[in-house]
Protein chains: 2
Amino acid sequence: MIDNSTIAAISTAHGVGAIAVVRLSGDNAIQIADRVFISTSGKKLSQQAPNTLHLGFIYDDDVPVDEVFVAVFKSPNSYTGEDLIEISCHGSLYIQQKILELLVSKGARVARPGEFTLRAFLNGKMDLSQAEAVADLVASTSRSFHKVAMNQMRGGFTDEIKKLRERLLKFVSLIELELDFSEEDVEFADRDQLKQLVEEIETLLRTLVESFTLGNVIKNGIPVAIAGKTNSGKSTLLNLLLKEDKAIVSEIEGTTRDFIEDTISIEGIHFRFIDTAGLRHTTDKVEKLGIERTYKKIRQASIVMLMIDPATDTDEIIRSVKDIEKQVKGTDKKLVVIINKTDLLNNQDLDSLKKNILKIVDKEDKVIPLSAKKGDNLPELEKALLEIIHAENIEQNDVIVTNARHYEALKHSHEAILRVRDGLESQISGDLLAQDIRETLHYLGEITGEITTDEILGNIFKNFCIGK
Amino acid sequence: MIDNSTIAAISTAHGVGAIAVVRLSGDNAIQIADRVFISTSGKKLSQQAPNTLHLGFIYDDDVPVDEVFVAVFKSPNSYTGEDLIEISCHGSLYIQQKILELLVSKGARVARPGEFTLRAFLNGKMDLSQAEAVADLVASTSRSFHKVAMNQMRGGFTDEIKKLRERLLKFVSLIELELDFSEEDVEFADRDQLKQLVEEIETLLRTLVESFTLGNVIKNGIPVAIAGKTNSGKSTLLNLLLKEDKAIVSEIEGTTRDFIEDTISIEGIHFRFIDTAGLRHTTDKVEKLGIERTYKKIRQASIVMLMIDPATDTDEIIRSVKDIEKQVKGTDKKLVVIINKTDLLNNQDLDSLKKNILKIVDKEDKVIPLSAKKGDNLPELEKALLEIIHAENIEQNDVIVTNARHYEALKHSHEAILRVRDGLESQISGDLLAQDIRETLHYLGEITGEITTDEILGNIFKNFCIGK
C-alpha cells in the first residue's frame, strides 16, 4: 500500500461548478505544481510559506489553462501529513480534467479512491477508525449519522479502546513473563486488578456490540412499517409524509401490493417508511403473499404504525390492534396506532375508540387521531415518532457503532474477553490465558489500525471516493 | 443590483465529493465566519493575514459540524474585491447545506447566480466582457471554446475596443466643442485623423462581427451533416465516430428518418454530427419529408460528409456527388466524400472511382475511402476534419466573438460607425456626426460594461451558476 509517488485527483464533486479543487500530495507535490503554475507574484511555490494562498495561472507550455488560487501545505502539517497542494480552478469539466492531465504529465500519478486519507493514516495523522469516519462523514445525509461520524472522527469510542488495550497489553506482557519463570510459580500480574480490567473491557465491548443495531438504524434510517386494513388510508398518509406521490392512491381495495420504501427526514432524523399490503382476509394468492410480506416487514421495523379506519366495525378494529400488539409485544418495537379519517367522526365516538385502543396497547405506545386526507394533526405524529426515537437515546448516546467492520471486530474481541474472564474464574494456566488476551488485543487493534494488513486497508479504502 | 450585504453560496459542483467549498463575500464576511469557526490556533480570522489558510472546526453552538480549512482573502485583493472567505469542508450534502445555513443564520444572505462575479465587475476587478468570459470558461467543454473564453477573460478583443473607444471619445468631445462655437466655423477635430480612426474601428468591428459565425461554431460545435444514399453506411460510420450506439443501424432501407445529433471531440475540437435521412428517390410521404429536412440540415452545416456505397451504379454515384457539390458550391461549406465499404472493392476500381469523384469536387474538398463496418481508415477521416477546421483558423484566430450579446452590440456599433464614415464623406453637419459617434460609443461601451443598466446586468448574471 505504501509508495512514495506524488498523487493527484479532482477532489470536488463530479460536474460543472463555479469552482473545483484539484489536489496533489507527496514528496514532489510542490515541485510538480511549480512546473505548471506561474504565480502573479513571480515567486515559486517552493519559496512560499506553508498555509498560504497564491494567485496565478496554470500553463500548458505557453497556453494559459486557467487563472487559479493555489494553497500550499507543508509536511507534516497537512491532511495527508505530506506536502500538499490544492489548486482551486474554474469548475469547467475541461479545465478540471486538463489540470489533472498536466499534473500527471509532470510526474504525478492519479490517486486511487481514498488514497489521500490512506496516506493520512499511514503517516499517523489519524487512526483507522478515524479514517473510516471520514468516509462516513462525506456520506452523511442525516443529522444523527453525521453526529456519530463526527464523534468518531474526533476519536469516539476508539480512544477508550486504545487506553484499555494498552493496559491489557501490560498485563499480557507480565503473564508472558511469568511463563518464562514457570518453574518458579511467580505471579507478576495481579489477578484481581486484571479481573477488574477485564470486567471494564467486557462492559464496554458489550455496550458497543449492542449499539450496532441502533448504529445501523442511524446509518440507514429508522424502519417504520405502516400496517392496517386495506383502504384505511396508508398510502395517503405516506404520500402526506413524503410530500410527493410515490405510492398509488386508489379507491379500489388491495391496490398497494408492492412495498414502497422512502426515507424522510424529521428534524434531521431519517425514517425509512415501508408501506405494506393490507391485512384483509383474502383468498387471492397474490394478496396473501403480500400479507405474509407485511408481517415480515413488521418484524424488520423498529416502529410499527397501524392505521385504523373508524368506519370499520369496532370489534374488528379491536381485533386488528390486538393482532399487531401481539407482533410487537416482547420486542423493542414501538407501536403507533393512528385513528384515521377523524373528519368523519364525532368527538364522543373518537374518545371512546381511543380509550378502547389505549387499554390494549403498551403505555409507551402512542395513539394518534388524524385525517390523512385533510392533513390534520401531522405535527403530532411527527412529534410522536421523534419521542420514540429520543427514548432510544439516538441523540444522547455518543458511543454508537455504525461500521460493520468494527462490529465484527468488537464481537470477536468480546467473545475473546469473555473467554479471558471465564479463564480467570476457573484459574486456567497462564499460557492459555495469555492466548485469549492476545486474541482480544488483536481484534481491538484491528479497529484502530494498530494491527492491520494490506487486505484490510484495501477493503476499507476502495469504498472511499476519489480525491478523498 | 448593488447592495452591501454579505453573500454566501456553495461554490463547488452540486453533489457529494471528497471536499466542497462554501464561499462568503462582503463587508462582514470575516466577522460572520468568526461566529461559526474556531481555529485550532485559537486566533480569530479577523486577526489573520490575508491569503492564509486556517485549520479548525465549524460549530453550530457547541455541536461540531466539520473540521475545515478556511481561506482568508482581504479587500481589494480577492475575486470579488471584497473581504472573502472560502470554507473547504468535507463534501457531504448535509455538511455543505448545514454550513450554508449557519452562515445565513449568522448574518449572510444566500447569493444569487453569478453574484460573486457581479460584485467583481461592480468593484472594478474585471470589465463586463471579462465577467461573461468567466461564465463561458466554467461552461467550456472543448479546447477551442476554452481558448476563446480564456483569451476573453484576459482582456481579449475588448482591450482594443476600449482603446479605440477612448480615442473616439476625444474626437466627439472636440466636435461637440465646435458646436459651441458654431457661429465661428472652427474645426478642432482633425477630420483626416478622425477618418483614419473611423476606418480603423470599422475594420475591427467588421472582423469581429464576421467572426461570430465561427464563434458560434466553436461554442456549439462544428455542424457536420452526413448525407448519402440510404444503406450507404451513414449510421454505422456515425456509431463508429461516437463509439456508442445512438443511431439505429438496420438493413432495412430508410430506417433513419429521425435526425440524430451528437457531439464528439477530436483533439479538443467539437464536431456536431447530424445523421440525415437518405437521399433515395421515393414516393413515401414521411420519407420525402425526411429528404427535405436532409437538405435543410446540409444548408446549416459547415461540413457535409457524403457517404458513397461503391456497390451502387457508377453513374448514380457521380450524379449524387454532383447533387451535393451543387449544394456546397459558392458557400464556405466543405465537402468530404467518403467511399465506404472499401473491403468489397479491389484497388483498381477504388482508384478509378476516386479519380472520377476528384474531377467533380473542389480541390479543397476531401475524398476518403474507408470501411465503416471494419473501422478502417478512421484516423484519416478525423485528420481530414481537423485540416478543414484548421484551414478556417479556429486555432490561430484569437479574435473571435462567441457571445450573442457582444455580437448584437458589435453589429449596432458597426452600423453606427458606417454612418459616421458616410457622414464624413458627405461632410454632414457636426451635430449629426456627433450623434452617430455617440451611438457608436454607446454600443461599444455596452460590450465592456462602461455603459450598462440593471436590466443588462440582470440578464447576464441570471445565467451564471450559483456560487460563481
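Order of the sequence lines sets the chain letters (A, B, ...), proteins ahead of strands, with each chain counted from 1. Since the model is a prediction, treat every value here as computed from it, not as a measurement.
- Heavy atoms closer than 4.5 Å to chain A are found nowhere in B:Ile10, neither backbone nor side chain.
- Looking at B:His14, the atoms closer than 4.5 Å to chain A (heavy atoms on both sides) all sit in the backbone: N, CA, C or O.
- Contact of B:Glu86 with chain A is made through the side chain alone, with heavy-atom distances under 4.5 Å.
- In terms of heavy-atom pairs under 4.5 angstrom with chain B, the leader among A:Val16, A:Ile466, A:Leu137 is A:Leu137.
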**Request:** Test side-chain hydrogen bond (donor to acceptor under 3.5 Å, both in side chains) on A:Ser46 and A:Asp34 and set out the steps.
**Result:** CA-CA 7 Å; A:Ser46 52; A:Asp34 265 333; 3.3 Å; yes
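- Neither the backbone nor the side chain of B:Phe145 comes within contact range of chain A; no heavy atom of the residue lies under 4.5 Å from a heavy atom of that chain.
- With salt bridges taken as basic N to acidic carboxylate O contacts below 4.0 Å, one links B:Asp136 and B:Lys219.
- Per-residue counts of heavy-atom pairs under 4.5 Å with chain A were compared for B:Ala20, B:Gly467, B:Ser142; the largest is that of B:Ser142.
- Side-chain contact check for A:Arg154 versus B:Pro64: some heavy-atom pair is nearer than 4.5 Å.
- Residue B:Val138 touches chain A through both its backbone and its side chain, counting heavy-atom pairs closer than 4.5 Å.
- Annotation: maximal heavy-atom pairing with chain B below 4.5 Å, among A:Val65, A:Asn77, A:Val72, occurs at A:Val65.
- Summarising the geometry, atom OG1 belonging to B:Thr158 is positioned 6.0 Å from atom CD belonging to B:Gln130; distances are rounded to the nearest 0.5 Å.
- Looking at residues two or more places apart in sequence or on another chain, you find a ring pair (Phe, Tyr, Trp, His ring centres under 6.0 Å) between B:Phe464 and B:Phe461.
- Across B:Thr52, B:Asp66, B:Thr141, B:Ile19, the residue that shares the most heavy-atom pairs under 4.5 angstrom with chain A is B:Ile19.
- For A:Arg23 and A:Phe116, the positive end sits near the middle of the six-membered ring, less than 6.0 Å away and at most 45° from its axis.
- Electrostatic pairing of B:Glu115 and B:Arg109 counts as a salt bridge here, judged by a charged N lying under 4.0 Å from a carboxylate O.
- Rounding to the nearest 0.5 Å places CG of B:Asn216 at 11.5 Å from CD1 of B:Ile222.
- Among A:Leu93, A:Leu55, A:Asn51, the residue with the largest count of heavy-atom pairs under 4.5 Å with chain B is A:Asn51.
- Most heavy-atom pairs under 4.5 Å with chain A, from the set B:Ala135, B:Gly91, B:Pro50, B:Ser140: that is B:Ser140.
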